[in-house]
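The figures here come from the full heavy-atom set of this structure, side chains too, leaving out hydrogens, waters and symmetry mates.
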Amino acid sequence: MTQGRVEHASSFENSGSWLTDVSYSYRVENDFYSGQFQLKSRSEEKASRDVARWKDQNIGVRYSAKKPDISVVRMEDQSGLHPGEFLGH
């Protein structure tokens with residue numbers, strides 16, 4: 001796992017749900033990579049809070065040792081970023 005940084009976050013409505021796109025970058029050795037993930041919200045207000053909470057944050061990024069361009073951001077790894085939000089409920 002390595003540290004990454006959220007470069008951009010934005011939300012939009014799609015078929016009655018609000019989605020937040022989060023784009024991030026991370027570095028492995030001397031190479032930079034990027035990835036993205038999406039959060040689903042029930043309201044515009046929650047989506048707006050998600051954007052504000054994730055934007056410009058440092059995050060934990062897991063990546064493949066054999067193919068470092070393959071990555072995943074696990075919510076469980078971000079518990080220090082948003083205490084209490086990822087309790088598995």
Side-chain angles (χ1 to χ4, degrees):
M1 188 159 69
T2 189
Q3 185 174 4
R5 178 133 180 107
V6 173
E7 302 292 344
H8 182 76
S10 62
S11 61
F12 61 95
E13 186 179 16
N14 182 21
S15 300
S17 293
W18 282 87
L19 302 174
T20 301
D21 286 333
V22 180
S23 300
Y24 60 92
S25 63
Y26 61 101
R27 183 175 160 172
V28 177
E29 297 181 11
N30 291 325
D31 295 318
F32 284 91
Y33 300 94
S34 63
Q36 61 185 43
F37 61 92
Q38 196 170 69
L39 303 168
K40 187 174 182 179
S41 303
R42 293 184 179 164
S43 69
E44 182 178 9
E45 296 82 27
K46 173 69 167 82
S48 294
R49 286 194 305 269
D50 286 342
V51 168
R53 294 173 88 189
W54 286 94
K55 196 171 183 179
D56 299 323
Q57 294 295 315
N58 293 323
I59 58 172
V61 178
R62 293 179 183 260
Y63 65 92
S64 168
K66 293 181 180 181
K67 297 183 96 178
D69 59 319
I70 298 174
S71 65
V72 64
V73 173
R74 294 182 59 211
M75 295 303 135
E76 296 84 3
D77 294 338
Q78 315 310 319
S79 61
L81 179 61
H82 305 293
E85 184 172 352
F86 309 113
L87 298 177
H89 297 134

- Going from CG on Asp50 to NZ on Lys55, what distance comes out if it is rounded to the nearest 0.5 angstrom?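 Reported value, rounded in 0.5 Å steps: 13.5 Å.
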- Query: If you measure from CZ on Arg5 to CZ on Arg27, what distance do you get to the nearest 0.5 Å?
  - Reply: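 Reported value, rounded in 0.5 Å steps: 15.0 Å.
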Check side chain to side chain donor-acceptor pair (under 3.5 Å) between [X] and all other residues, then give those that pass, not counting sequence neighbours.
{"X": "Asp56", "result": "none"}
{"X": "Gln3", "result": "none"}
{"X": "Arg74", "result": "none"}

- Task: Hey, could you give me each pair passing salt bridge (charged side-chain N to carboxylate O under 4.0 Å, His left out) that has a residue in residues 29-40? Not counting sequence neighbours.
- Result: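 Not a single pair qualifies under salt bridge (charged side-chain N to carboxylate O under 4.0 Å, His left out).
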- Quick one: which residue pairs count as a side-chain hydrogen bond (donor to acceptor under 3.5 Å, both in side chains) with a foot in residues 16-25, not counting sequence neighbours?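 Applying side-chain hydrogen bond (donor to acceptor under 3.5 Å, both in side chains) to every pair that reaches into residues 16-25, excluding sequence neighbours, yields Glu7-Ser25, Asp21-Gln38, Tyr24-Ser71.
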Qualifying residues under side-chain contact (heavy atoms from CB on, under 4.5 Å), relative to [X], sequence neighbours excluded:
{"X": "Val6", "result": "Val22, Trp54, Ile59"}
{"X": "Lys67", "result": "Ser64, Asp69, Ile70"}
{"X": "Ser34", "result": "none"}
{"X": "Ser15", "result": "none"}

- Task: Return the set of residues passing salt bridge (Lys or Arg N to Asp or Glu O under 4.0 Å) with Arg62 (not counting sequence neighbours), or none when no residue passes.
- Result: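 Salt bridge (Lys or Arg N to Asp or Glu O under 4.0 Å) check on Arg62 returns Asp77.
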- Results of salt bridge (Lys or Arg N to Asp or Glu O under 4.0 Å) for Arg49 - residues two or more places apart only: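 Listed in chain order: nothing, the list is empty.
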- Apart from Phe12 itself, which Ile, Leu, Val, Met, Phe, Trp or Tyr residues share its cluster (side-chain heavy atoms under 4.5 Å, direct or through members)?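 Cluster partners of Phe12: Leu19.
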- Message: Does Tyr26 form a side-chain contact (heavy atoms from CB on, under 4.5 Å) with Tyr63? I'd like the steps, not just the answer.
- Response: CA-CA 9 Å; Tyr26 61 101; Tyr63 65 92; 4.0 Å; yes
